[in-house]
2 protein chains.
Amino acid sequence: MSPTPSTERPVRGRRAPRVSGDDRERAILATAERLLEQRPYHEISTDDLARGAGISRPTFYFYFASKDAVLLALFDRIIEQAEAGRVEVLGRDRDDPAARWREAIGVFYETFGAHRAVTLAAAEVQLSNSEVRELWSKVMEGWASDTAALIEAERERGAAPPGAPARDLAIALIRMNERMLHATFAGESPSVSEQDVVEVLATIWLSTIYGPAR
Amino acid sequence: MSPTPSTERPVRGRRAPRVSGDDRERAILATAERLLEQRPYHEISTDDLARGAGISRPTFYFYFASKDAVLLALFDRIIEQAEAGRVEVLGRDRDDPAARWREAIGVFYETFGAHRAVTLAAAEVQLSNSEVRELWSKVMEGWASDTAALIEAERERGAAPPGAPARDLAIALIRMNERMLHATFAGESPSVSEQDVVEVLATIWLSTIYGPAR
DNA sequence: CGAGCTGGTCAACAGTGTGTCGACTGAATC
DNA sequence: GATTCAGTCGACACACTGTTGACCAGCTCG
């Protein structure tokens, strides 16, 4: 588990959780994820979450400091998975580095795809909530380092062309993935079929890193 | 000018605007843009807008149906400019198509950069307001058509490699630009200097379309 | 046993923001 | 001088957030 998000009540002892208390907490989280699958974040109130978990609104505030804190807890779990997935796939030694990269992008999509409602809600809140933003940038940072390192390595090998700073290229590529992820989940541009997205992204990544048509 | 956004009061005769009435409307728009340069959209209330324009809150509602409608009007003007800019630059006949494309990306950045506060606010609202989203997708659609056409043309000429559908590639590239635009304006990742962004994006675009290192 | 602590619960309150209603004004217009 | 109508706002109804204070049930320790 990751460190406790700061918006959560510090009062509650994390070490000695009451059974019933933890049940409530789980009920709130489950309710949030369920409701997010039905309507967007801004159309869900703390009252909805409380009622959904079978408690009153003040009691809700006993468990979470705000609606955002619930989302943060939900999102945190996904971020952890995504981080673990990236480290796993990119750390693996494999014959074809390009294939490894394509697979990492696929895993990225699958991890967030398994919780698209939460992912979309996080995107919705990102601009106005710095904690969610920082959580997200954690994943982005990991990708940026790995990708920049790859580009530089390929440049030294002579396989990749020189040009703009490797890190800048990496960040732009990652942001593309991020935006496409959200767009796909939000159902924007239905023209691009969801299965093909990873292939399209991989094409651009590999064109940029190695050159096209390999 | 573009068609009147639908959230604006239909009551007000667009054809016979009172001088003082138009002044008020302008005052509200100016106030909104000014306040957005100071704090994010969600921290601005209709009361702030009304007071800033020297009127009461109910009077504000005489001119705009909501806070979102103000942003929509503001954003609409920028969208028009961006559209005009794209058509202008990409329509120009020029020796080097790659340079033309690079220039178009630069103009895209400059147009929105001249109103970054409004652009950021639009980004903030995009997920929860379909009208803003549609306005934005208008620009994206124009770029998608042009870009897809270019890729297909280059493929026929044999300069561009075959692969994923041209339109899908185009959309991914455009979304990258979109995300980088917002990130730059929001001050995310200060590592990438703002001047270099266009160069980085152009590198990826041209790598994808023509192959790298040209 | 019973006094007291503690996690848990909620009715009621205070505050902030949105959007509407209805009455009012003052300058055209007839 | 009456009528109309864009423009204006005080006051209201409502929705949502976050807090306070009283209360209860179970545990624990003298």
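Keep in mind that this is a model prediction, so the values were computed, not measured. In what follows, chains are A, B, ... by sequence order, proteins preceding strands, each numbered from 1.
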Do A/Arg167 and A/Ile171 have side chains that get closer than 4.5 Å, going by heavy atoms? yes

Side chain B/Ser137, main chain B/Met140, donor-acceptor under 3.5 Å: no

For the backbone of A/Met176 and the side chain of B/Arg175, can you confirm whether one donor and one acceptor N or O come within less than 3.5 Å of each other? no

Let me know the distance between [atom1] of [X] and [atom2] of [N], rounded to the nearest Å.
X	N	atom1	atom2	answer
A/Arg51	D/dA15	CZ	C1'	13 Å
A/Lys67	D/dT17	NZ	C1'	10 Å
B/Phe64	C/dT20	CZ	P	16 Å
B/Ile44	C/dT16	CD1	P	18 Å
A/Phe62	D/dT19	CZ	P	14 Å
B/Ile55	D/dA6	CD1	C1'	14 Å
B/Phe60	C/dT20	CZ	P	12 Å
A/Glu43	D/dC16	CD	P	10 Å

Ignoring backbone atoms, test whether A/Thr46 places a side-chain nitrogen or oxygen under 4.0 Å from the OP1 or OP2 oxygen of D/dT17. yes

Please tell me if A/Thr59 has a side-chain N or O lying less than 4.0 Å from either OP1 or OP2 of C/dG8. no

Calculate, to the nearest 0.5 Å, the distance between atoms CD and CD1 belonging to A/Gln38 and A/Ile44 respectively. 8.0 Å

Of the nucleotides [options], which has the atom closest to the [X] side chain?
X	options	result
B/Tyr61	C/dC10, C/dT20, D/dT17	C/dT20
B/Arg57	D/dC9, D/dC12, D/dT20	D/dC12
A/Tyr63	D/dG18, D/dG7, C/dG8	C/dG8

Looking at every strand, decide which applies to B/Ser45 at a 4.0 Å heavy-atom threshold: base, sugar-phosphate, or nothing. sugar-phosphate

A/Thr203 side chain to A/Glu199 side chain, donor-acceptor N/O pair below 3.5 angstrom: no

